[in-house]
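Since the structure comes first, as structure tokens, the remarks are kept for the end.
So that the names make sense, note that chain A is the first sequence line, chain B the second, and so on, each numbered from 1. Given the structure is predicted, the values throughout are model-derived calculations rather than measurements.
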Amino acid sequence: MTSNESLVLDYLGRLEAAARNLPADRRAELIEEISAHIAEARAQSASLAGPDADLIDLLARLGDPAEIVRAASDSPALEFAAAASSPDARTAGAARAASIVPPGPALSDGPAAYLPPPPPGAGPGALEITAVILSVGSVVFLVIPGIRVLAPVGWLIGVVLLWYSQRWNTADKVLGTIVWPAGLGLAVLLSALHGTRPHLHAGGPFAVVVLAVLGCSVAAAVIVAVRLLRRAGQHPAFA
Amino acid sequence: MRCMVDGEAGNLVAQMRRGVLPYCVLAMLGGQERYGFELVRSLASVDGMVTGEGTIYPLLARLRRQGLVDTTWRESDAGPPRRYYRITEAGRVALTEFAGSWTLLRESVDALLGSAAPNSKKGRRTDDL
């Protein structure tokens with residue numbers, strides 16, 4: 001029995017030494033709990049043969065005192081448990097959890113930023129491709145003399161499809177809607193200011209500026225079209 | 001650096017276990033109050049949940065400080081007095097909260113791990129256009 005006592009005392013001594021950096025109340029509580037655990041185990045196995053072996057096994061199962069104290073000092077679970085119980089952080093936690101599921105564009109423009117994920121195995125659908133070609137791409141119609149008149153109609157249909165689709169968030173939809181009128185509008189505005197019309201064969205340095213603006217808006221349209229198509233094809237696995 | 005992948009995965013699993021352990025404890029207290037030794041032994045009997053039984057006590061102390069569990073000392077018929085742990089209302093809220101997040105996370109991870117399988121990827125490509 002004496003050797004048993006010394007085994008326990010030795011163990012608790014090592015625990016106390018390991019716990020010397022803990023706040024006093026936490027150290028006392030920890031030692032109290034571990035002592036109670038040992039006492040309980042010994043009370044329950046008093047009738048068993050080989051108490052020495054039992055005790056050694058008991059202490060081995062409790063683990064290295066240093067490890068117990070480490071568990072008392074580092075607390076990765078602490079923040080999460082605390083977060084779960086405070087209402088503010090709970091919302092943040094829910095948002096974190098929600099962002100696991102959808103492709104999650106990190107835009108804070110309201111609920112539309114979190115889109116329902118596209119059905120598994122979907123790239124950009126026919127609807128999305130048509131929407132992009134018409135809304136963003138119909139600027140190209142403008143430079144083809146025969147179908148120039150179709151450009152506004154195509155744009156309008158494209159924009160309707162763009163907003164109808166579930167694949168984009170509001171920011172993407174606004175971008176797809178304005179890229180074409182914005183570039184064109186700027187060119188027209190510049191021309192109006194100069195009292196000329198944005199004709200391809202109009203001479204003079206100002207026409208060059210207008211053409212440059214038109215060129216830039218075509219480039220912007222291409223970039224937006226690529227972005228929209230990529231977004232529409234985004235799947236959680238690739239996001 | 002060479003053994004990084006193995007080490008990191010193992011370390012991650014250990015961290016995940018440590019992260020979910022508080023909620024496993026709360027779940028074990030969901031149905032009934034238990035005293036420390038009983039709780040620790042039941043938890044340790046679940047495969048892979050606990051490495052050292054002693055490390056549960058700091059966790060219990062933390063849950064108590066956070067108000068997620070309550071404790072009372074009570075005499076036992078045989079042996080020393082026992083400290084009984086009981087889940088609080090805040091503990092139940094935290095547990096319910098976690099159970100929801102856990103289900104969501106588990107399903108999402110399962111779905112992603114599943115879609116990483118080679119044959120499901122083939123299925124995706126055919127649907128593209």
Quiz item: Checking side-chain contact (heavy atoms from CB on, under 4.5 Å) for the pair B:T55/A:R70: CA distance, chi angles, key distance, verdict?
Solution: CA-CA 8 Å; B:T55 59; A:R70 233 189 334 272; over 6 Å; no
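- Distance check, rounded to the nearest 0.5 Å: CG of B:L59 to CD1 of A:I68 gives 13.0 Å.
- Nearest heavy-atom pair, B:P80 versus A:A43, reported as atom, atom and distance to 0.1 Å: CD-CB, 4.0 Å.
- Scanning residues 14-27 of chain A against chain B with a 4.5 Å heavy-atom cutoff picks out A:R26, ordered by number.
- Residue contact with chain A, scored on non-hydrogen atoms closer than 4.5 Å, is absent for B:V50.
- Across B:E107, B:R83, B:E38, the residue that shares the most heavy-atom pairs under 4.5 angstrom with chain A is B:R83.
- Of the atoms belonging to B:R92, not a single heavy atom falls under 4.5 Å from chain A.
- Interface residue B:W73: only side-chain heavy atoms are found under 4.5 Å from chain A.
- In this structure the side chain of B:Y57 reaches within 4.5 angstrom of the side chain of A:L30, judged on heavy atoms.
- When side chains are defined from C-beta on, B:R41 counts as touching A:H37, because their heavy atoms get closer than 4.5 Å.
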